[in-house]
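Below is one structure; the comments refer to it alone.
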There are 4 protein chains.
Amino acid sequence: MHESSRPSGERGRRRSERSHQAIIAATRELLVERGYPDVTIEAIAARAGVGKQTIYRWWPSRAALVLEAYLSSADVVTPPAAGGTTREDVRALLAWLIAVLAEPTGGHVVAGLVADIQHDADLAEGFHRDVVPARRGAMVAALERGQGRGEIRADADLELAVDALHGAVFYRLLLSGEPLDTDFIARLSEQTLGGLATSPPTG
Amino acid sequence: MHESSRPSGERGRRRSERSHQAIIAATRELLVERGYPDVTIEAIAARAGVGKQTIYRWWPSRAALVLEAYLSSADVVTPPAAGGTTREDVRALLAWLIAVLAEPTGGHVVAGLVADIQHDADLAEGFHRDVVPARRGAMVAALERGQGRGEIRADADLELAVDALHGAVFYRLLLSGEPLDTDFIARLSEQTLGGLATSPPTG
Amino acid sequence: MHESSRPSGERGRRRSERSHQAIIAATRELLVERGYPDVTIEAIAARAGVGKQTIYRWWPSRAALVLEAYLSSADVVTPPAAGGTTREDVRALLAWLIAVLAEPTGGHVVAGLVADIQHDADLAEGFHRDVVPARRGAMVAALERGQGRGEIRADADLELAVDALHGAVFYRLLLSGEPLDTDFIARLSEQTLGGLATSPPTG
Amino acid sequence: MHESSRPSGERGRRRSERSHQAIIAATRELLVERGYPDVTIEAIAARAGVGKQTIYRWWPSRAALVLEAYLSSADVVTPPAAGGTTREDVRALLAWLIAVLAEPTGGHVVAGLVADIQHDADLAEGFHRDVVPARRGAMVAALERGQGRGEIRADADLELAVDALHGAVFYRLLLSGEPLDTDFIARLSEQTLGGLATSPPTG
DNA sequence: AAGTAACCGAGACGGTACGTCCGGTCTTTGG
DNA sequence: CCAAAGACCGGACGTACCGTCTCGGTTACTT
């Protein structure tokens with residue numbers, strides 16, 4: 001048995017970009033209107049004016065589709081530009097994070113995806129590859145700049161620091177229900193950066 | 001002839017404790033065997049030898065039942081006894097936490113509940129009241145003992161520290177998929193406590 | 001607590017006539033409001049302010065209760081008094097029959113009972129004993145008076161004639177849906193009596 | 001680019017004739033095995049190897065399905081061929097009728113349908129259109145042949161005669177419980193035809 | 001230009017579970 | 001011992017979606 005599976009070029013009709021976009025748009029709308037658990041493939045197909053088969057042809061699961069729809073929001077992906085001090089950068093990045101999570105397609109969608117990740121290895125792979133690093137990257141960069149400037153100790157474990165910073169935010173969002181406000185962010189960045197600083201806190 | 005139409009206290013058959021226990025046990029077994037998303041009310045009723053109505057009579061949702069079943073495991077609730085130093089206590093508590101989450105009825109169940117509490121206010125209330133404080137309490141106590149001994153600064157925000165400690169654990173469990181091992185715990189407790197310590201790390 | 005005031009033969013509380021009447025009344029009301037197939041034991045118990053057990057204690061089936069409720073309507077049982085000629089008597093009896101069947105608790109209830117009779121031997125026995133003869137009796141008597149007067153042939157099979165007369169009425173009511181009006185009754189009694197008459201119809 | 005948004009006639013998968021037949025067959029089998037009141041949609045679906053939705057998609061009610069299943073028996077629909085005399089024809093047709101009603105899918109099914117048509121206008125329409133005329137047609141034809149031969153009076157109301165003949169049969173079947181045997185049929189056809197005859201019975 | 005392959009919307013299909021209703025039974029308290 | 005209340009097990013209801021499987025019909029490349 002030899003592997004070819006494509007005679008030469010691309011036979012047959014191409015994927016309809018129109019349908020693709022309609023499906024993504026319908027998914028996003030339904031996420032806002034009904035929330036993750038009530039977004040069904042059937043509803044998406046109906047809203048998008050598309051056959052169910054077309055969805056199953058291109059996405060392996062509802063969660064994969066939701067993930068793509070979620071990621072297709074530009075504001076979800078673009079972090080704020082770097083500012084001045086490490087303290088300011090960290091605070092700005094956390095503020096951006098909670099703003100994104102407070103949107104209609106924010107925290108609840110993440111919660112649903114988080115649950116599905118636990119049972120869907122392929123989805124988890126996509127989430128760990130596309131979502132998590134996008135969130136962590138800018139934060140790690142900000143801390144590294146702080147290290148370069150000598151504000152943060154050279155031997156600080158920056159990845160661990162991001163685990164703590166982002167972890168605290170998601171912990172409040174998903175588990176404890178405590179508020180995600182600017183005061184929280186201020187205290188969180190202050191105390192965490194204090195532990196990473198080269199000089200002891202004065203006073 | 002006068003009509004006495006008051007409820008008159010407690011009429012009718014009482015709730016069957018036998019059925020109650022059978023339902024909880026069946027739920028726990030099915031959570032282990034099939035995982036949260038595949039545990040159905042119908043399967044629980046069949047396993048417990050109970051009518052579905054009996055389940056719907058006493059629990060408002062599948063999630064509420066799973067929550068109760070989850071909490072009925074003694075080992076989930078009882079944290080380890082206090083040890084010697086703050087460092088040892090924190091590390092032991094984190095070790096206990098990841099051990100609980102690694103159990104069959106551990107992390108996946110929490111992930112499912114976490115997803116459901118985003119859309120179910122009553123369930124969220126129960127989760128915030130029964131699950132979250134049970135996890136935080138021992139950790140806060142350990143940190144307070146450290147404060148009493150002078151190992152931790154008096155002005156440290158201990159609740160925030162628990163947000164960071166537990167947050168980092170749940171972040172890895174639910175979102176990033178990074179391993180929850182003893183090395184991680186060691187570094188996490190070290191770096192976090194370092195930020196709370198009265199004297200700065202030398203060097 | 002000592003035993004008094006009970007002669008010996010009758011232990012325990014007596015059957016509550018109050019509940020009995022309430023159950024019958026509730027059944028009758030529900031038959032009118034909802035129709036036979038939607039009258040449930042539960043609804044009867046609730047309407048009557050009675051426990052379900054009390055119903056099950058005194059009636060073997062829903063149909064038996066409906067039968068008793070149906071028979072408890074006085075107008076169902078009392079046929080019109082005998083008139084003058086056989087022709088008049090027969091016509092009056094048929095008119096009474098279709099009037100009874102046109103009532104709210106009339107034809108539809110009979111149809112439901114008729115269906116249940118086919119699978120419930122005890123109920124069938126009660127129906128054949130209490131309902132059918134009550135309907136046939138007056139008609140047979142009228143025809144016998146006609147025989148006595150010489151209007152009807154002595155060798156006529158009167159029971160068979162009642163089968164045909166009542167059968168035609170119930171056939172229209174239950175099976176064919178044709179109207180049950182006075183014209184029908186007139187023609188039916190005319191043609192049937194014509195076949196039983198001593199002298200041939202003139203012209 | 002123009003939009004052609006008309007339904008375009010016949011889109012989507014066609015109805016499965018295989019499933020259709022399996023459902024009818026399963027219904028007929030279950031009617032024989034369990035009787036009308038114990039034939040559930042769920043049992044039919046399971047027996048036919050079919051989803052419940054497929055049944056609900058094509059039949060508005062259990063009774064409508066039973067009606068179709070009942071009518072799909074060839075022997076139910078086809079009356080015996082015309083014989084010689086009117087007397088013989090009538091007797092043969094009545095014999096055929098009681099034979100059909102004595103079958104496993106006979107009288108009890110009719111009783112159940114009869115009960116249901118009292119509350120279901122659509123079903124009643126089907127019953128009056130498909131069942132009743134199929135039964136009456138041959139009988140009316142036989143009587144009309146008798147009229148043609150001069151055995152039956154020209155002014156006789158033949159429809160009324162069929163009401164009486166069939167009515168008497170169904171009355172015994174459904175209401176009175178009296179036997180449906182050949183003696184009954186003989187006397188019934190004799191007395192009824194006697195009333196329709198052109199010459200009076202002598203003696 | 002004809003043939004062929006993969007796509008598309010539509011929607012029926014076999015299933016599974018849902019949450020509700022009711023049947024008939026059992027277990028309380030109270031008269 | 002009966003009655004009202006109401007929980008119990010069981011089973012069917014009719015609905016909603018799942019993921020799959022035809023349909024007729026539409027591109028678009030290959031021959």
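Note on naming: letters A, B, ... go to the chains in the order of the sequence lines (proteins, then strands), and numbering restarts at 1 for each one. In this text the structure is predicted, and so the values were computed from the model without any measurement.
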Rounded to whole Å, the NE2-C1' distance (D:His20 to E:dC13) equals 15 Å
**Q.** B:Arg62 to B:Tyr56 six-membered ring, cation-pi geometry met (6.0 Å, 45°)
**A.** no
Rounded to whole Å, the CD1-P distance (C:Ile55 to E:dC22) equals 13 Å
Does any part of the side chain of D:Ile24, heavy atoms only, come nearer than 4.5 Å to the side chain of D:Leu65, both counted from C-beta?
yes
Closest of F:dA4, E:dC8, F:dC8 to the B:Ser16 side chain is F:dC8
**Message:** E:dC7, OP1 or OP2 - any side-chain N/O from A:Ser19 closer than 4.0 Å?
**Reply:** no
Ion pair B:Glu33/B:Arg47, N-O distance below 4.0 Å
yes
Side-chain donor or acceptor of B:Gln118 paired with backbone N/O of A:Gly112 under 3.5 Å: no
Phosphate contact (F:dC9 OP1 or OP2) by B:Thr54 side-chain N/O below 4.0 Å: yes
Taken to the nearest whole Å, CH2/D:Trp59 to P/E:dA12 is 14 Å
(Q) Quick check on F:dA7: is either OP1 or OP2 less than 4.0 Å from any side-chain nitrogen or oxygen of B:Trp58? (A) no
Q. Side chain to side chain contact (heavy atoms under 4.5 Å, CB included) between B:His20 and B:Glu68: does it pass, once the steps are laid out?
A. CA-CA 11 Å; B:His20 185 178; B:Glu68 182 176 334; 2.8 Å; yes
From CZ of A:Arg15 across to P of E:dC8 the rounded distance in Å is 7 Å
Whichever of C:Ala48 and D:Gly12 has the more 5' nearest nucleotide on DNA chain F, that residue is C:Ala48
Exercise. Side-chain contact, heavy-atom cut-off 4.5 Å: B:Trp59 with B:Ile23?
Worked result: yes
Taken to the nearest whole Å, CZ/B:Arg18 to P/E:dT28 is 14 Å
B:Ile23 CD1 to F:dA7 P, in whole Å, measures 13 Å
Q) Using a cut-off of less than 4.0 Å, is there contact between a side-chain N or O of B:Arg14 and OP1 or OP2 of E:dT29? A) yes
Counting primed atoms, P, OP1 and OP2 as sugar-phosphate and everything else as base, the B/S/- map of nucleotides 13-20 of chain F against protein heavy atoms under 4.0 Å is BBBBBBBB
Hey, is the side chain of C:Arg57 poking within less than 4.0 Å of OP1 or OP2 on F:dA3, counting only N and O atoms? yes
Legend entry - Any D:Arg15 side-chain heavy atom under 4.5 Å of D:Trp58 side chain: yes
